[in-house]
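Some notes on the structure that comes next.
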Amino acid sequence: MKISDEEVLPPIAVAPMAGVTDYPYRQILRSMGAKFIYSEMVSSKGLVYNNNRTVKLLDYNTQEDGYINIQIFGEDANFIAKAGKIIEEKYQPDFIDINMGCPVVKVVKNGAGSALMKEPKKVAKIIRRIVKELRTPITVKIRAGWNQSQLNAVEIAQISEEKGAAAIAVHGRTREQFYSGDVDYKIIRKVKKAVDIPVIGNGDIIDIASAKKMFEYTKCDGIMVGRGLRGNPWLIKRLVKYFSDSIILPQPKPTAKIDMAIKHLNLAVDYYGEDVAVPKMRQHISWYLKGLKNSTYIKNEINKLKDKETVIETLKIYKDNF
């Protein structure tokens, strides 16, 4: 998959996920072989106004072995262009992505995220403006449409290409669906046929079989893995190994999942500090332990804890059961 002048191999992207793909977890995903990672989505207005929490989302190691795509959201072309300029000059990422797919109410009610799917003229204005003002290749992430009666991913993709976008990622669900129902592979295939820029298929990629289905049915240039990575960084390693060498790696053992939860906790504490990291990691630990025996009791116990060492001790005791 070639985006602008960059050869992105393997063509497997890590989706932008608020509260999930933060800097500590991105470090883990890099260690698993992820080469193409999107940041958490960054508010264009928050960045222009230098909001501390927004700025924090932009942290990444410039020496990372792979590509970083910083994603911006907003509804105003002026703010998006200004934010893009700040990102380009200060952070120098490989790509900058415009979010037109987020379904969350607090984003959509302001006209951003997937609400932009309803306004093709505004989409054209935003992309034309940011492409004109930046040197960094611009990508776009969209959904199938706003709802089943407005499946306009093809139109938005064509506008994006016409105005200078270098690639487009398509989540095969409408905004109305959020994350329910089935992924519409047909709409992704239609987008692929309609444009010449790379198309990245997104939605319900949880294992090798679903990744193969996305590639084979849609003929997309790359795939984007999202919620399947929660508590499962091994998924990236397994996909990279399969599509690079046709080798199917075994699933991680319960002890490996517990060890990874501890590693992730340590990285988070180093980055955020204990007071912030321990509550933030409760959800991640829950994902790591999902499906393991007696995990509900352990997760409930960890949700009561406030210091790193006690959480680690609890996890180590639990590990002894395997």
Side-chain angles (χ1 to χ4, degrees), residues 10-42 57 69 71 73 97 99-108 113-114 139 141-145 153 168-185 187-188 199-215 217-218 220 222-240 242-243 251-252 257 260-261 264 268 280-292 295 299:
I12 301 169
V14 172
M17 291 182 283
V20 180
T21 51
D22 59 0
Y23 182 62
Y25 194 43
R26 292 201 303 269
Q27 289 179 277
I28 290 173
L29 292 169
R30 286 291 190 204
S31 72
M32 288 288 182
K35 297 294 185 184
F36 185 27
I37 299 181
Y38 285 59
S39 70
E40 296 176 90
M41 63 179 190
V42 175
L57 297 175
N69 193 349
Q71 187 183 75
F73 76 93
D97 187 73
N99 181 296
M100 299 187 186
C102 179
V104 176
V105 173
K106 67 179 181 180
V107 173
V108 169
S114 54
T139 65
K141 187 172 188 295
I142 66 173
R143 282 194 165 230
I168 189 154
V170 187
H171 184 140
R173 286 187 176 88
T174 64
R175 187 272 170 176
E176 189 175 69
Q177 285 180 284
F178 271 70
Y179 298 102
S180 65
D182 296 327
V183 169
D184 186 349
Y185 293 95
I187 194 72
I188 301 173
V199 173
I200 301 167
N202 176 220
D204 286 358
I205 296 174
I206 58 171
D207 53 21
I208 292 170
S210 53
K212 284 181 65 180
K213 183 177 181 179
M214 181 65 78
F215 271 124
Y217 188 92
T218 70
C220 59
I223 59 172
M224 177 178 283
V225 191
R227 291 173 298 150
L229 288 171
R230 297 183 301 188
N232 186 18
W234 297 272
L235 176 56
I236 279 289
K237 188 174 185 177
R238 298 182 83 239
L239 291 175
V240 168
Y242 179 79
F243 288 107
Q251 294 284 6
K257 293 183 177 183
M260 186 62 79
H264 193 165
K280 185 181 283 285
M281 279 297 301
R282 289 170 186 156
Q283 181 64 76
H284 283 280
I285 292 171
S286 176
W287 288 325
Y288 281 115
L289 304 187
K290 184 178 180 180
L292 302 187
S295 62
K299 287 185 283 189

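This chain uses plain numbering: 1 for the first residue, then up along the sequence. Predicted model, so just to flag it, every value in this text is computed and none were measured.
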Residue list, ring-ring contact (aromatic ring centres under 6.0 Å, His included) with Tyr288, at least two apart or on another chain: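 Once residues adjacent in sequence are excluded, the partners of Tyr288 under the ring-ring contact (aromatic ring centres under 6.0 Å, His included) criterion are His264.
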Who pairs with Phe178 by ring-ring contact (aromatic ring centres under 6.0 Å, His included), at least two apart in sequence or on another chain? none
Separation between [atom1] of [X] and [atom2] of [Y], rounded to the nearest 0.5 Å:
{"X": "Asp207", "Y": "Ser210", "atom1": "CG", "atom2": "OG", "result": "4.0 Å"}
{"X": "Met17", "Y": "Leu229", "atom1": "CE", "atom2": "CG", "result": "5.0 Å"}
{"X": "Ile285", "Y": "Gln283", "atom1": "CD1", "atom2": "CD", "result": "10.5 Å"}

Could you tell me whether the side chain of Thr218 and the main chain of Tyr185 form a donor-acceptor pair under 3.5 Å?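 Judged by distance alone, no pair lies under 3.5 Å.
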Arg143 side chain to Thr174 main-chain N or O, any donor-acceptor pair under 3.5 Å? yes
Do [X] and [Y] touch side chain to side chain, with heavy atoms closer than 4.5 Å?
{"X": "Ile28", "Y": "Tyr25", "value": "yes"}
{"X": "Ser114", "Y": "Val108", "value": "yes"}
{"X": "Trp234", "Y": "Gln251", "value": "no"}
{"X": "His171", "Y": "Ile142", "value": "no"}
{"X": "Cys220", "Y": "Phe215", "value": "yes"}
{"X": "Ile12", "Y": "Lys35", "value": "no"}
{"X": "Lys141", "Y": "Met41", "value": "no"}
{"X": "Met100", "Y": "Phe73", "value": "no"}

Not counting sequence neighbours, list each pair that qualifies as a salt bridge (charged side-chain N to carboxylate O under 4.0 Å, His left out) and has a residue in residues 10-24.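 Non-adjacent pairs meeting salt bridge (charged side-chain N to carboxylate O under 4.0 Å, His left out): zero.
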Listing request: all salt bridge (charged side-chain N to carboxylate O under 4.0 Å, His left out) pairs with a residue in residues 169-183, at least two apart in sequence or in separate chains.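 Checked against salt bridge (charged side-chain N to carboxylate O under 4.0 Å, His left out) - neighbours excluded - the pairs reaching residues 169-183 are Arg173-Asp204.
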Grab the two heavy atoms, one from [X] and one from [Y], that are nearest each other, plus how far apart they are.
{"X": "Arg26", "Y": "Tyr38", "value": "CD-O, 4.1 Å"}
{"X": "Ala211", "Y": "Ile223", "value": "CB-CD1, 3.7 Å"}
{"X": "Glu40", "Y": "Thr21", "value": "CG-O, 3.5 Å"}
{"X": "Asn202", "Y": "Met224", "value": "ND2-O, 3.1 Å"}
{"X": "Ser286", "Y": "Lys299", "value": "OG-CD, 3.2 Å"}
{"X": "Gly172", "Y": "Ile187", "value": "CA-CG2, 4.3 Å"}

How far apart are the C-alpha atoms of Met214 and Ile188, what are their side-chain angles, what is the distance that settles it, and do they pass the side-chain contact (heavy atoms from CB on, under 4.5 Å) test? CA-CA 9 Å; Met214 181 65 78; Ile188 301 173; 3.8 Å; yes
Contacts of type side-chain hydrogen bond (donor to acceptor under 3.5 Å, both in side chains), residue Tyr217, not counting sequence neighbours: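 Arg189.
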Just say parallel, tilted or perpendicular for the rings of His284 and Trp287, cut-offs at 30° and 60°. perpendicular
List in chain and number order the residues that pass side chain to side chain contact (heavy atoms under 4.5 Å, CB included) with Ala34, two or more places apart in sequence or in another chain; answer none if no residue qualifies.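 For Ala34, the residues satisfying side chain to side chain contact (heavy atoms under 4.5 Å, CB included) (neighbours in sequence not counted) are Val14, Leu29, Ile37, Ile236.
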Have a look at Val225 and tell me which of Ile206, Leu239, Asn232 forms a side-chain contact (heavy atoms from CB on, under 4.5 Å) with it.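 Testing each of Ile206, Leu239, Asn232 against Val225, the sole residue satisfying side-chain contact (heavy atoms from CB on, under 4.5 Å) is Leu239.
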Do we get Arg30 above Phe36's six-membered ring, with its NZ or CZ under 6.0 Å from the centre and within 45° of the axis?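 No, cation not above the ring by the 6.0 Å, 45° rule.
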Yes or no on side-chain contact (heavy atoms from CB on, under 4.5 Å) for Val42 and Gln71, after CA distance, side-chain angles and deciding distance? CA-CA 6 Å; Val42 175; Gln71 187 183 75; over 6 Å; no
Determine whether the side chains of Asn69 and Thr139 contain a donor N or O and an acceptor N or O closer than 3.5 Å.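 Note: Asn69 and Thr139 side chains meet the donor-acceptor criterion.
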